[in-house]
Amino acid sequence: MSEIQRYARKLTYNERMFIAGDEICPPLINQLFFDGEGSFDPEKWRDAVARASDANPGSRLVLRGFLGLSRWVDSGVTPPVTEIDGGSWDATGPDGAPFLQKRLMPAQGPTSEVILITGKTPRVGFRTHHAVMDGRGTLAWAEDIFRVLRGEDPIGSRSTVSDMEIARSIRKEYRKPFPRDNIAPTGLPEGNERGITWKRILIPGRFNNFLGQVAVLAAREAWKHREGPVRFGVPVDLRSHDKKLRSTGNLSIAIYVEVRPDSTPESVALDIKKQLDEKRDCMIDRWDPLIRHIPLKTLVKKGKSMIEHNTRTGRYGTSGLLTNMGKIPLGIFSGGGFTARAMWGIPPSIESTPFFLGTATHEGTSEMILTLPKVLAGNGRMDRVLENISRGLVPA
């Protein structure tokens, strides 16, 4: 691979924050899974990953450079494919799955990997460092791997466009900051246990305005514990601004929705639509670009200080993040003797985010996966908030 032809792109401020977050609360990675039927031929998978990664060099990145000169470059090394015994893992939480704690290393690599999980329910996992891909980028890479497994050519992507470049080409205004005084849906922190945990539940049926319903129900949970503002971040895929764009990179920026006591799922949905119509997903904070030039140690120190403040006060930058992957077309994620029946992912989070709920729908079933800091999850609170939200949902 010649230096001229080698894929490379600048490290963005968002990606630098993800690297710092991974140092504070590892691993900060996308973990997407397909539950299904069939068996695995590891050699076929390794060949498919090699071919798909050739077509998507964003899956083989390693970090080079320093501060503002930092960049991702294609290592040329195929991401590993590992077969794992998942017989003791029921995929509803972290118990029985120590392999989910394995870190992906930006400087040394790999920053992406595939895991073939055997057991009663075969599963395929795609793990990517959040500093090199977002969820949609990970799905693009996964789709090409399955295409090769089915005997098709990968679509591929060599795009180097960044979230910053898309955003600033569309909106020049900066986002107005709001107070970092939001309350959490699970109440005040308890204890001092570090780290995060998660839980997955499946709900029969489909739900209109899933995101709006969840936002209102989660806010009501927060107000059971104390009064205070509730604002949720909603990550938005900037690829929507260019329908021809295919990228494995980080192209998501959040909009922020305030939920008030008189809010309804419909008013939340209208607020989201209004913000998207006004392209507020392309607005960044004024000082965000400077993050590229701040030493990683400084960002880590600041991040840890923020977590200590959050734990002491029970107040956060947001009340949490909400994301809805929508209806997943499972047919394109099958091949090589494996047939996907469900798709889900663990929301990648750190302790300064008090609540991160991901949702998806497939074949008449809805998924809800919640990630919480451990200081907010104990004494049955994770189970309770998930149960209350799921019971409050109104079916389509």
Side-chain angles (χ1 to χ4, degrees), residues 90-94 135 182-190 196-235 254-272 314 316 318-328 342-349 351 353-396:
D90 64 6
T92 63
N182 300 279
I183 60 175
T186 52
L188 290 167
E190 297 177 1
I196 62 171
T197 188
W198 61 276
K199 183 170 182 177
R200 172 196 181 204
I201 63 172
L202 281 73
I203 313 167
R206 296 179 180 176
F207 304 91
N208 289 331
N209 191 11
F210 205 166
L211 207 59
Q213 290 199 60
V214 167
V216 171
L217 291 166
R220 291 175 184 170
E221 291 299 304
W223 292 320
K224 289 178 181 179
H225 302 280
R226 65 194 301 197
E227 294 181 356
V230 174
R231 299 179 183 90
F232 291 109
V234 179
I255 58 173
Y256 296 91
V257 177
E258 183 170 1
V259 185
R260 299 180 174 88
D262 61 349
S263 294
T264 65
E266 291 74 24
S267 69
V268 170
L270 285 172
D271 185 9
I272 292 173
Y316 297 84
T318 66
S319 298
L321 297 173
L322 305 175
T323 182
N324 184 9
M325 299 286 290
K327 186 176 180 181
I328 305 300
M343 180 270 170
W344 58 283
I346 304 170
S349 191
E351 293 158 280
T353 301
F355 186 93
F356 193 167
L357 185 64
T359 59
T361 302
H362 49 76
E363 297 183 355
T365 299
S366 296
E367 300 260 5
M368 288 176 53
I369 308 96
L370 176 61
T371 299
L372 294 178
K374 290 181 179 179
V375 293
L376 294 175
N379 296 322
R381 289 192 287 173
M382 174 171 272
D383 293 335
R384 191 157 51 246
V385 72
L386 275 173
E387 181 178 357
N388 291 343
I389 291 174
S390 61
R391 282 185 175 181
L393 290 169
V394 178

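Keep in mind that what you see is a predicted model, and the values were worked out from it rather than measured.
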Side chains of [X] and [Y], heavy atoms from C-beta outward: is any pair under 4.5 Å?
X      : Y      : value
Ile389 : Met368 : yes
Ile272 : Val268 : yes
Pro261 : Trp223 : yes

Is the number of heavy atoms from other residues, nucleotides or ligands under 6.0 Å of Arg226 CZ greater than 12?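 Count over threshold, so yes.
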
If only side-chain N and O atoms count, and only distance matters, is there a donor-acceptor pair under 3.5 Å linking Thr359 with Asn324?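 Yes, a side-chain donor-acceptor pair sits under 3.5 Å.
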
Scan side-chain atoms only and decide if Glu266 and Asn209 contain a donor-acceptor pair under the 3.5 Å cut-off.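 The answer is no; no qualifying pair exists.
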
Test side chain to side chain contact (heavy atoms under 4.5 Å, CB included) applied to [X] - qualifying residues, sequence neighbours left out:
X      : value
Ala91  : Trp89, Arg123, Arg200, Trp344
Lys327 : Arg206
Asn388 : Glu221, Lys224, Arg384
Glu387 : Arg391

For residues 354-396, which residue pairs qualify under ring-ring contact (aromatic ring centres under 6.0 Å, His included), counting only residues two or more places apart or in two chains?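 Listed by first then second residue: nothing to list.
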
Is there a side chain to side chain contact (heavy atoms under 4.5 Å, CB included) between Thr186 and Met382? Walk through the geometry before answering. CA-CA 7 Å; Thr186 52; Met382 174 171 272; over 6 Å; no

Residue that, paired with Leu357, satisfies side chain to side chain contact (heavy atoms under 4.5 Å, CB included) out of Thr371, Val214, Thr323: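 For Leu357, the side chain to side chain contact (heavy atoms under 4.5 Å, CB included) test succeeds with only one of Thr371, Val214, Thr323, which is Val214.
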
Under the side chain to side chain contact (heavy atoms under 4.5 Å, CB included) rule, what do Arg231 and Val259 come out as? Steps first, then yes or no, please. CA-CA 6 Å; Arg231 299 179 183 90; Val259 185; over 6 Å; no

Quick one, Arg381 with Glu190, criterion side chain to side chain contact (heavy atoms under 4.5 Å, CB included). Give me CA distance, side-chain angles, the key distance, then yes/no. CA-CA 11 Å; Arg381 289 192 287 173; Glu190 297 177 1; 3.6 Å; yes

Side chain to side chain contact (heavy atoms under 4.5 Å, CB included) between Thr318 and Tyr256, intermediate numbers included: CA-CA 8 Å; Thr318 66; Tyr256 296 91; 3.6 Å; yes

Set of side-chain hydrogen bond (donor to acceptor under 3.5 Å, both in side chains) partners for Lys199, sequence neighbours left out: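 side-chain hydrogen bond (donor to acceptor under 3.5 Å, both in side chains) check on Lys199 returns Asp383.
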
